[in-house]
**Q** 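Supplied in structure tokens, the structure appears directly below.
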Amino acid sequence: SNNLMTGKRGLIMGLANDKSIAWGIAKALGDAGAELAFSYQGDALKKRVEPLAASLGSDIVLPCDVGDEASIDALFDSLKEKWGTLDFVVHAIGFSDKNELRGRYVDTSRANFTLSMDISVYSFTAVVQRAEKMMNKGGSCLTLTYYGAERVMPHYNVMGVAKAALEASVRYLAEDLGKDGIRVNAISAGPIKTLAASGIGDFRYIMKWNEYNSPLRRNVTIEDVGGSALYLLSDLGSGTTGEVLHVDAGYHVVGMKAVDAPDI
Ligand code: NAD
């Protein structure tokens, strides 16, 4: 453990269970001395999130459905009442109908396109909009993205389009808030077996492909993502904003299948 986050307070959104990327990030931040609050979606997750939060010394566990403006306002009103100010926020949230995370992108429905963009893209802007008002000594905002934003990946479909928009929004938010010392970044994580990922078609194959073909010849863990999140959210990242940092074992630099890659 270290003291990189001592004296800093932040909100973690998107914790579902101990496999969540949000959990890897929360652990790294807690270990570095951060004071944490958590939001969860829906009553079913409350009893999962509470003990995880407690294990990091947090008893601030609040509901928030990012599809609902009033719910986001209620979350930030509660935080403001408890803390007054905020130093960082982590947005580890995405959603799309899993029936459209297989097959062809061209078959995406208007309803699921709109829903995916709303929950996976706009919600980050909506959250940053509220967080900004509590970050009067500067701050750091982080979201999670995937390489499917940059290149076509099997089955990622409308989520790839949504992540491309999310990455663009990171750049626009960075420009808007930079003057106030607020940094906005994304981590582009390699594939990790989480609840959300289980909805993606052939996910096991994608994991194997990344393991065999990434420069590090392995998949990344939520702890790998946690370490990079700590960098971006702490003062170590003070000169970095508008960035999409790849935490993918180097997969994004590769141009073709590795010569030593076994058949899958
Ligand atoms: P996860 O299932 O653990 O987390 C997804 C979270 O999104 C859940 O906590 C869920 O409750 C929350 N969520 C969905 N809709 C919501 C809503 N309307 N309001 C509030 N919360 C809502 O899965 P994860 O893989 O840890 O996902 C976290 C982020 O990481 C997502 O943005 C995902 O796209 C991204 N990501 C995941 C991978 C991967 O391979 N797992 C790779 C790159 C990026």
Side-chain angles (χ1 to χ4, degrees), residues 11-27 38-46 48-49 52-53 61-72 74-75 89-98 101 112 114-124 126-127 142-151 153 155-167 169-170 186-211 214 219-226 228-229 244-249 251-252:
L11 170 65
I12 310 280
M13 307 182 75
L15 181 58
N17 56 43
D18 66 359
K19 307 284 183 280
S20 293
I21 292 176
W23 181 236
I25 295 173
K27 280 192 297 177
F38 293 84
S39 72
Y40 62 90
Q41 177 204 20
D43 275 344
L45 287 180
K46 185 180 184 195
R48 285 191 186 278
V49 174
L52 291 171
V61 178
L62 302 161
C64 182
D65 183 327
V66 296
D68 175 9
E69 290 282 293
S71 178
I72 305 174
L75 167 66
V89 61
V90 175
H91 171 276
I93 291 173
F95 185 78
S96 187
D97 178 348
K98 70 176 176 17
L101 296 177
N112 186 48
T114 306
L115 180 64
S116 304
M117 294 295 274
D118 188 34
I119 304 302
S120 312
V121 185
Y122 182 71
S123 72
F124 183 55
V127 162
L142 181 68
T143 189
L144 273 300
T145 184
Y146 179 58
Y147 193 48
E150 302 168 68
R151 296 286 184 269
M153 302 300 276
H155 306 303
Y156 205 56
N157 298 351
V158 65
M159 277 306 289
V161 175
K163 292 301 194 189
L166 179 66
E167 292 180 13
S169 72
V170 164
I187 286 177
S188 183
I192 298 175
K193 211 170 158 215
T194 62
L195 205 60
S198 67
I200 299 166
D202 289 321
F203 194 70
R204 225 202 284 260
Y205 179 90
I206 293 167
M207 292 271 297
K208 279 284 170 209
W209 183 274
N210 277 262
E211 180 190 334
S214 61
N219 280 307
V220 296
T221 64
I222 61 170
E223 287 76 19
D224 289 320
V225 178
S228 293
V244 177
L245 177 61
H246 294 86
V247 182
D248 65 348
Y251 182 75
H252 71 289

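This chain uses plain numbering: 1 for the first residue, then up along the sequence. Just so you know, these numbers use all the heavy atoms, side chains as well, and skip hydrogens, waters and symmetry mates. These numbers come from a predicted model, not from an experiment. We count ligands from 1, going down the list as the structure has it; atoms in each ligand are counted the same way.
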**Q** For the residue pair S214 / D248, report whether a side-chain donor-acceptor contact shorter than 3.5 Å exists.
**A** no
**Q** Heavy-atom distances under 4.0 Å are what count here, so tell me which part of K19 touches ligand 1: side chain, backbone, both or neither.
**A** neither
**Q** Among L144, I187, I21, whose heavy atom sits nearest atom 37 (C) of ligand 1?
**A** I21
**Q** Would you check the N or O atoms of A196, main chain and side chain alike, for any that come under 3.5 Å of an N or O of ligand 1?
**A** yes
**Q** For the residue pair V158 and N112, establish whether any side-chain heavy-atom pair is separated by less than 4.5 Å.
**A** yes
**Q** Looking at non-hydrogen atoms alone, which of S20, S96, A189, A186 comes nearest to atom 3 (O) of ligand 1?
**A** S20
**Q** I want to check something: taking the side chain as every heavy atom from C-beta on, are N17 and L195 in contact at a cut-off of under 4.5 Å?
**A** yes
**Q** Does any N or O in the side chain of S20 come within less than 3.5 Å of the main-chain N or O of W23, such that one atom is a donor and the other an acceptor?
**A** no
**Q** Out of all atoms in ligand 1, which are within 4.0 Å of some heavy atom of G190? Include the element for each.
**A** 40 (O), 42 (C)
**Q** Take every heavy atom of M13, measure it against each atom of ligand 1, and state whether any distance is under 4.0 Å.
**A** no
**Q** What are the atoms of ligand 1, with element, lying closer than 4.0 Å to any heavy atom of P191?
**A** 40 (O)
**Q** Need the ligand 1 atom indices (1-based, order shown) with element for anything under 4.0 Å from a heavy-atom of L15.
**A** 9 (O)
**Q** Does the side chain of H252 pick up a donor-acceptor pair with the side chain of S188 at under 3.5 Å?
**A** no
**Q** Hey, does Y156 have a side-chain heavy atom less than 4.5 Å from the side chain of Y147?
**A** no
**Q** Under 3.5 Å, side chain of D224 to main-chain N/O of T221, donor-acceptor pair present?
**A** yes
**Q** Which option wins on minimum heavy-atom distance to atom 12 (C) of ligand 1: I93, L166, V90, V225?
**A** I93
**Q** To the nearest 0.5 Å, what is the distance between CD1 (I93) and CG (L166)?
**A** 11.0 Å
**Q** As an exercise, identify every atom of ligand 1 less than 4.0 angstrom from a heavy atom of L45.
**A** 11 (O)
**Q** Return a yes/no value for I192: is any of its N or O atoms, backbone included, closer than 3.5 angstrom to an N or O of ligand 1?
**A** yes
**Q** Identify the protein heavy atom lying closest to atom 9 (O) of ligand 1, giving its residue, its atom name and the separation to 0.1 Å.
**A** G14 O, 2.8 Å
**Q** Just to confirm my output: which protein heavy-atom neighbour is closest to atom 34 (O) of ligand 1, and how far is it?
**A** K163 NZ, 2.9 Å
**Q** For T194, take its heavy atoms, then give the atoms of ligand 1 lying under 4.0 Å from any of them.
**A** 23 (O), 24 (P), 25 (O), 26 (O), 41 (N)
**Q** Heavy-atom contacts under 4.0 Å between V66 and ligand 1: side chain, backbone, both, or neither?
**A** both
**Q** What do we get for F203 next to ligand 1 when only non-hydrogen atoms under 4.0 Å count, side chain, backbone, both or neither?
**A** side chain
**Q** Could you check whether any side-chain heavy atom of L62 comes within less than 4.5 Å of a side-chain heavy atom of F38, counting everything from C-beta outward?
**A** no
**Q** Please could you name the atoms of ligand 1 that T145 approaches to less than 4.0 Å, counting only its heavy atoms?
**A** 43 (C), 44 (C)
**Q** Should one rank G42, A92, G94 by closest heavy-atom distance to atom 27 (O) of ligand 1, which comes out on top?
**A** A92
**Q** Any idea which atoms of ligand 1 are less than 4.0 Å away from a heavy-atom of Y146?
**A** 43 (C)
**Q** For ligand 1, which atoms sit closer than 4.0 Å to a heavy atom of C64?
**A** 19 (N), 20 (C)
**Q** Which of these, I119, L15, D65, V49, sits in a side-chain contact (heavy atoms from CB on, under 4.5 Å) with Q41?
**A** D65
**Q** Looking only at distances, please establish whether an N/O atom of ligand 1 is found under 3.5 Å from an N/O atom of D65.
**A** yes
**Q** Tell me: protein heavy atom nearest atom 11 (O) of ligand 1, and distance?
**A** Q41 OE1, 3.1 Å
**Q** I'd like to check V127 versus M13 (side-chain heavy atoms, cut-off strictly below 4.5 Å). Are they in contact?
**A** yes
**Q** Output the distance between atom CG (L101) and atom NE2 (H155), rounded to the nearest 0.5 Å.
**A** 10.0 Å
**Q** Using modelled atom types only, decide if a donor and an acceptor are shared between the side chain of K193 and the backbone of R204 within a distance under 3.5 Å.
**A** no
